[in-house]
Amino acid sequence: MSTAQQLWDDVDAYFTTLLAPADEVLTAALRDSEAAGLPPINVAPNQGKLLQLLALVQGARRILEIGTLGGYSTIWLGRALPANGRLITLEYEAAHAEVARRNLDRAGLSRITEVRVGPALESLPKLAEEGQEPFDLVFIDADKVNNPHYVEWAAQLTRPGSLIVLDNVVRGGRVTDAGSEDPSVRGTRAALELIAAHPRLTGTAVQTVGSKGYDGLALARVVG
């Protein structure tokens with residue numbers, strides 16, 4: 001491990017212990033996800049707390065998550081909702097969705113959360129067809145190839161004042177490579193360019209370092 005990575009880990013550990021301490025529900029969600037063979041790509045605890053705070057600042061009643069994995073970030077977001085709130089999370093893998101449902105049930109969030117299984121680009125049009133109320137916050141953390149499509153759908157399924165959060169936008173610094181052949185880099189760049197040009201969005205992106213390495217996230221507010 002590099003000296004820089006060790007320092008990032010140490011700082012994250014300090015922040016997490018002080019400001020985002022684990023509880024049995026969150027610890028069990030990570031443990032069960034690992035036991036089920038899910039990839040360890042969940043958000044860091046302090047990042048989960050950030051999502052929770054963003055949802056609270058928004059006064060969010062309705063949240064859409066694209067990319068559930070084992071439901072760790074879903075728990076953080078769900079805990080920000082009022083008793084009459086609603087969180088819909090979209091997961092491609094049925095096995096992942098089952099782990100997430102168990103984790104959400106343990107967290108006492110099964111009444112206000114719904115895990116939908118299948119390709120998100122099939123689930124998102126169905127949400128529109130159902131005439132769902134606009135979402136107050138959308139968290140996008142799924143396959144990066146389709147990031148621009150997810151951002152476009154997020155803009156359609158929200159309202160003025162809603163917040164869109166797009167994770168993993170730095171790609172280890174490779175996001176600056178306009179000639180990259182990496183589909184994840186290309187998808188991320190396209191999503192950022194869409195945010196920049198979209199008439200209904202205003203946004204920015206920030207770089208982060210920590211236990212998850214060198215990465216970052218984009219934030220976009222729906223303005224029209």
Is the closest basic N to carboxylate O distance between [X] and [Y] below 4.0 Å?
X	Y	value
Lys212	Asp9	no
Arg116	Glu65	no
Asp32	Arg106	yes
Arg86	Glu133	no

Mind listing the closest non-hydrogen atom pair of [X] and [Y] along with its distance?
X	Y	result
Val43	Tyr72	O-CE2, 3.3 Å
Ala218	Ile195	CB-CD1, 4.4 Å
Ala205	Val169	CB-CG2, 4.4 Å
Phe139	Leu137	N-CD2, 4.0 Å
Ala155	His198	CB-NE2, 3.9 Å
Trp76	Pro45	CZ2-O, 3.7 Å

Evaluation steps, side chain to side chain contact (heavy atoms under 4.5 Å, CB included), between Leu217 and Val206
CA-CA 6 Å; Leu217 70 159; Val206 295; 3.5 Å; yes

Gap between atom [atom2] of [Y] and atom [atom1] of [X] - 0.5 Å precision:
X	Y	atom1	atom2	value
Asp136	Arg159	CG	CZ	4.5 Å
Leu87	Thr89	CG	OG1	6.5 Å
Tyr150	Ile66	OH	CD1	7.0 Å
Gln5	Ser211	CD	OG	7.5 Å
Asn103	Ser110	CG	OG	12.0 Å
Leu54	Ile63	CG	CD1	10.0 Å

Using modelled atom types and a 3.5 Å cut-off, is there a donor and acceptor pairing between side-chain atoms of [X] and backbone atoms of [Y]?
X	Y	answer
Glu93	Ala95	no
Asp23	Leu26	yes
Arg111	Gly108	no

Ignoring hydrogens and angles, state whether a donor on the side chain of Gln132 or Arg62 is under 3.5 Å from an acceptor on the partner side chain.
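Result is yes, a qualifying pair exists.
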
Would you please say whether a donor-acceptor pair under 3.5 Å links the side chains of Asp143 and Tyr92?
no

Check this for me: Glu34, atom CD, are more than 12 non-hydrogen atoms of other residues, nucleotides or ligands nearer than 6.0 Å?
no

Evaluate the side-chain proximity of Leu219 to Ile164: yes if any heavy-atom separation is below 4.5 Å, no if none is.
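Ile164 vs Leu219: side chains apart.
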
For residues Asn46 and Leu19, determine if any side-chain heavy atom of one lies less than 4.5 Å from a side-chain heavy atom of the other.
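Contact flag for Asn46/Leu19 side chains = no.
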
Evaluate the side chain to side chain contact (heavy atoms under 4.5 Å, CB included) criterion for residues Leu109 and Ile75: first the C-alpha distance (whole Å), next the side-chain angles of each, then the deciding distance (0.1 Å), finally the verdict.
CA-CA 8 Å; Leu109 295 170; Ile75 293 171; 4.2 Å; yes

Should [X] and [Y] be regarded as members of a common hydrophobic cluster, given that ILVMFWY residues are connected when their side-chain heavy atoms come within less than 4.5 Å of each other, either directly or indirectly?
X	Y	value
Leu77	Val25	yes
Leu64	Trp153	yes
Val138	Leu127	yes

Start with the C-alpha distance between Asp177 and Val175, add both sets of side-chain angles, then the distance that settles side chain to side chain contact (heavy atoms under 4.5 Å, CB included), and finish with yes or no.
CA-CA 5 Å; Asp177 183 2; Val175 71; over 6 Å; no

Does the salt bridge (Lys or Arg N to Asp or Glu O under 4.0 Å) test come out yes or no for Arg101 and Glu98, once each step is laid out?
CA-CA 5 Å; Arg101 289 189 181 108; Glu98 283 306 308; 2.6 Å; yes

What verdict does the salt bridge (Lys or Arg N to Asp or Glu O under 4.0 Å) test give for Asp182 and Lys144, after you've listed the backbone C-alpha separation in whole Å, the side-chain angles of each residue and the deciding distance to 0.1 Å?
CA-CA 10 Å; Asp182 183 333; Lys144 312 309 173 186; over 6 Å; no

Starting from the C-alpha separation in whole Å, work towards a yes-or-no answer on side chain to side chain contact (heavy atoms under 4.5 Å, CB included) for Thr188 and Asn168.
CA-CA 8 Å; Thr188 299; Asn168 306 129; over 6 Å; no

